[in-house]
Structures are given as structure tokens and as C-alpha cells.
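If you read the sequence from its start, that first residue is 1, and numbering goes on from there. Note that ligands are numbered from 1 as they come in the structure, with each ligand's atoms numbered from 1 the same way.
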Amino acid sequence: MAGLMAGFGHYTHAVVRGVPQSLAGDALRINQAEVDAGAAQKEHHAYVDVLKRRLGLEVVELPADESLPDCVFVEDAAVVCGDTALITRPGAESRRKETELMKDTLKNLNLNIVEMTDETAILDGGDVLFTGREFFVGLSKRTNQRGAEILADAFKDYAVSTVPVLEGLHLKSFCSMAGPGLIAIGASEPAQKALKIMQQMSDHRYDKLTVPDDLGANCVYMNLPDMGHVLLHPTAEEFPETVKVYEKLKDYTLIPVSNAEKVKVDGALTCCSVLIYKKPSI
Ligand code: GLY
């Protein structure tokens with residue numbers, strides 16, 4: 001099995017996309033919830049601002065498309081690892097066209113593009129957990145075995161294991177990487193069961209950071225020059241007990257980022273950006 005990739009968590013660029021007004025009425029959601037598109041736009045603006053101004057990433061901002069109500073959740077349209085971008089075939093038909101602009105954007109960033117063209121395959125990036133050593137792919141309503149196989153073909157340097165997603169939308173609706181070798185995981189039984197499966201599949205012993213709220217386990221880890229370990233995590237207004245757990249992490253720059261509106265349509269922090277590392281050209 002591969003060791004920890006060099007530069008795990010290093011990023012220079014982020015791709016994000018605006019929030020359309022149509023998110024309020026038409027974005028997919030598991031639970032019926034009223035959503036204020038204006039509030040989601042404001043919240044997203046603050047998220048993008050953190051990436052750009054606080055962290056100094058080069059942010060490519062794609063315009064919202066009113067005909068694609070879920071388009072802000074860019075993570076589902078592409079999986080980027082190293083110089084390769086796998087353009088996915090999202091599980092929800094209403095989201096398939098989100099990949100078009102993503103493909104052009106990642107091509108313009110000089111990534112090697114692999115497209116998931118097999119019509120029997122589905123995969124949302126929200127179901128893909130890359131640990132820096134291997135991939136775990138959630139088998140959910142949005143991602144199937146064929147999707148996972150195509151991902152494995154695209155990223156041949158890494159092992160790929162599948163994990164059933166028994167609750168919530170995606171694998172990363174209850175887990176994410178909170179550091180090298182550190183998996184943030186919700187405390188619910190389905191989340192803990194999924195972690196157990198991941199641990200059984202792996203040769204590596206991951207540390208776990210259990211947080212009381214499953215949705216609170218979705219955070220964005222980066223390792224940035226001059227800053228070191230950085231973690232974007234939910235706010236204390238949303239998940240007070242979960243934030244207490246993050247606050248125990250030593251030597252991290254902890255940045256609470258509100259996601260209270262987008263979570264009503266099952267969007268989490270990782271969903272709202274595609275993160276990329278590009279070597280500086282000499
Ligand atoms: N609203 C995010 C999704 O269902 O794909």
C-alpha cells in the first residue's frame with residue numbers, strides 16, 4: 001500500500017461556484033426544509049472569502065446556473081488527486097450537467113482529465129474520502145460499484161475500498177479527514193460502523209476524532225505554507241459540542257465557517273469547493 005502522499009493537504013487553488021436562486025425551491029434534499037437562497041449566498045460568500053483572503057488560495061469562481069439548483073456543491077462533479085481530475089457522473093440526473101463547466105475549468109488548469117462516460121456508473125465526489133494513502137468510496141444512492149471501479153482506474157497509485165452508506169446522503173455526510181491519518185467521524189451507530197469497515201479494509205491504523213454530530217464531522221483540512229495545519233469546521237451555533245472537540249486539536253489554525261443554510265439541502269463544508277495543488281511554474 002502507498003505511504004502518505006507527499007504534500008497531503010497542500011493546496012494552491014480552489015474551484016467554487018455561485019449559489020443560484022433556484023437552490024431554495026429546487027435543490028435536492030433528504031428532509032423537506034425551507035431554504036433562504038439569499039442567506040445561502042451570504043454564507044457561501046463568507047466561505048469563499050476564507051479560501052481567498054484568509055488562506056490565500058487562488059480561487060476560480062464559476063457563475064451560478066439557475067437551471068442547476070445544486071451547482072454550488074462542486075465537490076460532486078470532480079475528484080482531483082495530484083495532476084488528475086476525474087469528472088464524475090453524478091448520481092442524480094438533475095445534476096449531470098454540472099460536470100460540463102467543471103471539466104472545462106479543470107482542463108484550463110492543466111489537469112489531466114478522465115471522464116466517467118460509462119452509463120452504468122454513478123459517482124458523487126461527496127462519497128469519496130481520500131486519506132492521502134488510499135481512497136474510500138461510499139456506496140450510496142448516488143454512487144455505485146462501477147463508479148468506484150472507474151475511480152480506481154483513474155487513480156491507479158492508490159488502493160480503493162468501498163463502504164456502504166447506510167444513512168445520510170454521502171460518505172462524507174458523516175466523516176472527513178481532519179489531518180494526516182486522522183479521520184473525523186460522527187458518533188452515530190451507522191457512522192461508527194462505516195469507520196469500522198474502513199479500518200478493517202486498511203493496512204494503516206488511522207486515528208479517529210469522534211464528534212457528537214454526524215454532520216459536524218465534515219470539515220476541510222489543509223496544510224498551508226506559513227500556517228501549517230488548518231481546519232475549516234462548523235460553527236458553535238450549529239454544533240456546539242462538536243466544536244468543543246475540534247478546539248482540543250493542538251497546533252491547528254481553527255476556522256469556524258457557517259454552513260447552516262446549505263446544510264438544509266444536505267450540503268457540507270467539503271461540498272462547496274474542489275481543492276487543487278499546482279506546483280509553481282519556474
Ligand atoms: N443537495 C445536494 C444533493 O442532494 O445532491
Side-chain angles (χ1 to χ4, degrees), residues 14-45 47-48 62-80 86-103 116 121-129 137-144 147-148 151 163-176 186 190-191 194 213-220 232 234 238 257-275:
V15 178
V16 298
R17 194 164 187 178
V19 177
Q21 287 293 332
S22 58
L23 173 119
D26 301 331
L28 302 171
R29 65 205 77 184
I30 293 174
N31 298 311
Q32 283 318 312
E34 290 226 353
V35 183
D36 178 340
Q41 283 164 344
K42 207 168 146 199
E43 184 178 88
H44 190 57
H45 181 79
Y47 174 95
V48 174
L62 307 179
D65 182 334
E66 288 299 332
S67 72
L68 298 170
D70 284 294
C71 67
V72 63
F73 302 123
V74 287
E75 172 184 61
D76 293 320
V79 177
V80 176
L86 172 66
I87 306 301
T88 66
R89 189 165 180 277
E93 187 133 21
S94 65
R95 301 197 56 189
R96 298 261 158 87
K97 281 193 156 58
E98 292 175 29
T99 57
E100 292 174 4
L101 186 54
M102 182 58 73
K103 182 175 83 179
M116 194 173 273
I122 52 171
L123 183 131
D124 279 8
D127 277 317
V128 178
L129 181 71
V137 176
L139 298 181
S140 69
K141 290 193 179 74
R142 300 290 181 82
T143 297
N144 64 12
L151 181 134
V163 191
V165 174
L166 303 173
E167 215 163 85
L169 179 61
H170 288 133
L171 178 64
K172 284 189 288 188
S173 301
F174 53 78
C175 69
S176 62
D213 308 283
D214 278 4
L215 280 165
N218 183 289
C219 56
V220 179
L232 276 55
E238 294 160 84
V257 182
S258 176
N259 195 53
E261 207 57 33
K262 287 177 284 181
V263 79
K264 294 177 185 168
V265 287
D266 308 311
L269 291 174
T270 61
C271 303
C272 301
S273 53
V274 171
L275 299 173

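- For a threshold of 3.5 Å applied to N or O pairs, the pair formed by D124 and ligand 1 contains no separation below that value.
- For E75 and K172, the salt-bridge test passes: some basic side-chain N is under 4.0 Å from an acidic carboxylate O.
- Taking any N or O of L169, backbone or side chain, none lies under 3.5 Å from an N or O belonging to ligand 1.
- Less than 4.0 angstrom separates some heavy atom of V265 from each of these atoms of ligand 1: 1 (N), 2 (C).
- Between D76 and ligand 1, no N or O atom pair is found at a separation short of 3.5 Å.
- In terms of polar-atom proximity, D70 is counted as a contact of ligand 1, with an N or O under 3.5 Å from an N or O of the ligand.
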Stepwise side-chain contact (heavy atoms from CB on, under 4.5 Å) test for K264 and E34: CA-CA 8 Å; K264 294 177 185 168; E34 290 226 353; over 6 Å; no

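- The heavy atom nearest to atom 4 (O) of ligand 1, considering only E75, R142, R95, K141, is found in R142.
- At least one donor-acceptor pair closer than 3.5 Å links the side chain of D65 to the backbone N or O of S67.
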From CA spacing to verdict: side-chain contact (heavy atoms from CB on, under 4.5 Å), V79, T88: CA-CA 7 Å; V79 177; T88 66; 4.2 Å; yes

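- With a 4.0 Å heavy-atom cut-off, ligand 1 is reached by no atom of R29.
- Between L28 and ligand 1, an N or O atom pair is found at a separation short of 3.5 Å.
- Side chains of N218 and T270: a donor-acceptor N/O pair is present below 3.5 angstrom, by distance only.
- A distance of 9.0 Å separates CG in L169 from OG1 in T143, rounded to the nearest 0.5 Å.
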